[in-house]
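Heads up: the structure comes next, in structure tokens.
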2 protein chains.
Amino acid sequence: MQRPLSPSDRRILRILQSDGRITNSALAEKVGLAASPCLRRLKALEEDGVIEGYRAMVNRKVLGFGVEAFVFIKLEQSEPGWRTRLVERLKGYEEVIACHALAGEIDLLVHAVARDIESFGEFTMNRLLTLPGVADVRSSFVLSNIKPMAPIPVPDHS
Amino acid sequence: MQRPLSPSDRRILRILQSDGRITNSALAEKVGLAASPCLRRLKALEEDGVIEGYRAMVNRKVLGFGVEAFVFIKLEQSEPGWRTRLVERLKGYEEVIACHALAGEIDLLVHAVARDIESFGEFTMNRLLTLPGVADVRSSFVLSNIKPMAPIPVPDHS
DNA sequence: AGTGAAATGACCATAAT
DNA sequence: ATTATGGTCATTTCACT
């Protein structure tokens with residue numbers, strides 16, 4: 001189902017996770033490959049879905065989002081259809097920068113940004129609590145990003 | 001303290017958050033600029049720290065990490081020094097792909113990956129619970145990534 | 001290895017302040 | 001005048017075959 005990763009592939013993945021915009025030729029040099037085979041490997045990794053995309057990390061505060069928070073949501077037990085629609089609505093909110101379904105006490109973990117505390121309040125009150133199927137909503141503001149979005153470790157073998 | 005963002009800057013940020021490896025010339029075309037001024041703006045955004053970096057998004061399962069989890073940590077009240085050292089240790093763990101300090105019930109929210117449930121257990125037992133200053137550790141496995149790492153919205157004005 | 005495309009820097013034009 | 005914007009062109013470097 002998945003071609004095994006060569007040592008070069010692994011080096012490529014390590015480098016690209018910390019510098020996603022490096023040129024292929026600079027990448028090739030770091031990896032210890034000629035440009036041409038390096039590019040072929042990179043394309044293959046993209047093609048195979050090992051690399052799912054590239055993203056610029058933007059400073060949220062510069063964009064006017066002074067508040068970052070996590071919202072812990074418990075759902076009511078209800079027909080499956082409700083849950084699907086709830087999740088679709090949630091995904092549609094642009095304040096939601098990530099959302100995970102969890103096992104255990106909390107059903108949904110929502111990572112959100114907002115301009116300020118007031119607009120975050122508006123968001124939770126008007127857009128989260130009003131979703132049908134939501135039993136409980138608790139929010140915690142992020143005080144500091146201790147470790148922001150670190151790379152996934154790339155072991156020498158899978 | 002921060003140069004205001006031009007409409008072109010905002011378009012650049014929107015595009016680069018969903019395609020961080022787009023060539024400058026393709027970016028320029030989408031933005032509606034010539035390549036040269038587009039590149040100048042891009043460099044300035046990096047220089048000013050508006051863009052904090054670029055990252056390839058890698059499929060964790062391909063790398064052998066079948067398990068993704070959030071760990072909710074409560075700390076004991078203790079001297080500030082302990083907390084700093086605890087946080088440093090936490091940052092050093094490569095299983096930890098993100099970590100936030102939160103206000104409220106939970107003090108630290110840790111986002112982690114592991115090869116399987118057993119090795120996640122080893123991680124929580126031997127590396128988290130043993131940290132001095134930790135009062136309580138609770139873990140929830142991620143069942144699904146409902147909305148994985150969406151862009152931060154870029155308003156037309158800040 | 002070669003060729004077409006992209007990146008990059010020097011320099012100019014225009015408009016708003 | 002100064003600042004901020006964008007454009008053109010020439011050169012080097014890169015991507016890709």
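Naming convention: chains lettered A, B, ... in sequence-line order (proteins, then strands); numbering from 1 in each chain.
As a whole-Å value, the separation of A/Arg21 CZ from C/dT8 C1' is 13 Å. Here the C1' atom of nucleotide C/dA6 and the CG atom of A/Leu39 are 14 Å apart, to the nearest Å. Atom CG in A/Leu42 sits about 12 Å away from atom C1' in D/dC16, given to the nearest Å. One atom, CG of A/Asn24, and another, P of D/dA15, lie 5 Å apart when rounded to the nearest Å. Rounded to an integer number of Å, the gap from A/Leu27 CG to D/dT13 P is 19 Å.
Within 6.0 Å of CD in A/Gln2 there are more than 12 heavy atoms belonging to other residues, nucleotides or ligands. B/Glu122 CD: more than 12 foreign heavy atoms inside a 6.0 Å radius. Within a 6.0 Å radius of CZ in A/Arg10, more than 12 heavy atoms belonging to other residues, nucleotides or ligands are found. Shown here is A/Arg127, whose CZ atom has more than 12 heavy atoms of other residues, nucleotides or ligands within 6.0 Å. Residue B/Glu76 places its CD atom among more than 12 non-hydrogen atoms of other residues, nucleotides or ligands, all under 6.0 Å distant.
Note on ring orientation: taking the six-membered ring where Trp is involved, the planes of A/Phe70 and A/His111 are parallel (angle under 30°, cut-offs 30° and 60°).
In terms of phosphate contacts, A/Thr23 brings no side-chain nitrogen or oxygen within less than 4.0 Å of OP1 or OP2 of D/dT13.
For the segment residues 44-54 of chain A, no residue has any heavy atom less than 4.0 angstrom from an atom of DNA chain C.
Scored by the salt bridge (charged side-chain N to carboxylate O under 4.0 Å, His left out) test, A/Asp136 finds A/Arg138 as partners (sequence neighbours excluded).
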* Mark up nucleotides 1-12 of chain D, 5' to 3', with B wherever a protein heavy atom is under 4.0 angstrom from a base atom, S wherever such an atom reaches only the sugar-phosphate, and - elsewhere. => ----SBBB----
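Side-chain atoms of A/Lys147 come within 3.5 Å of backbone N or O of B/Val96 as a donor-acceptor pair.
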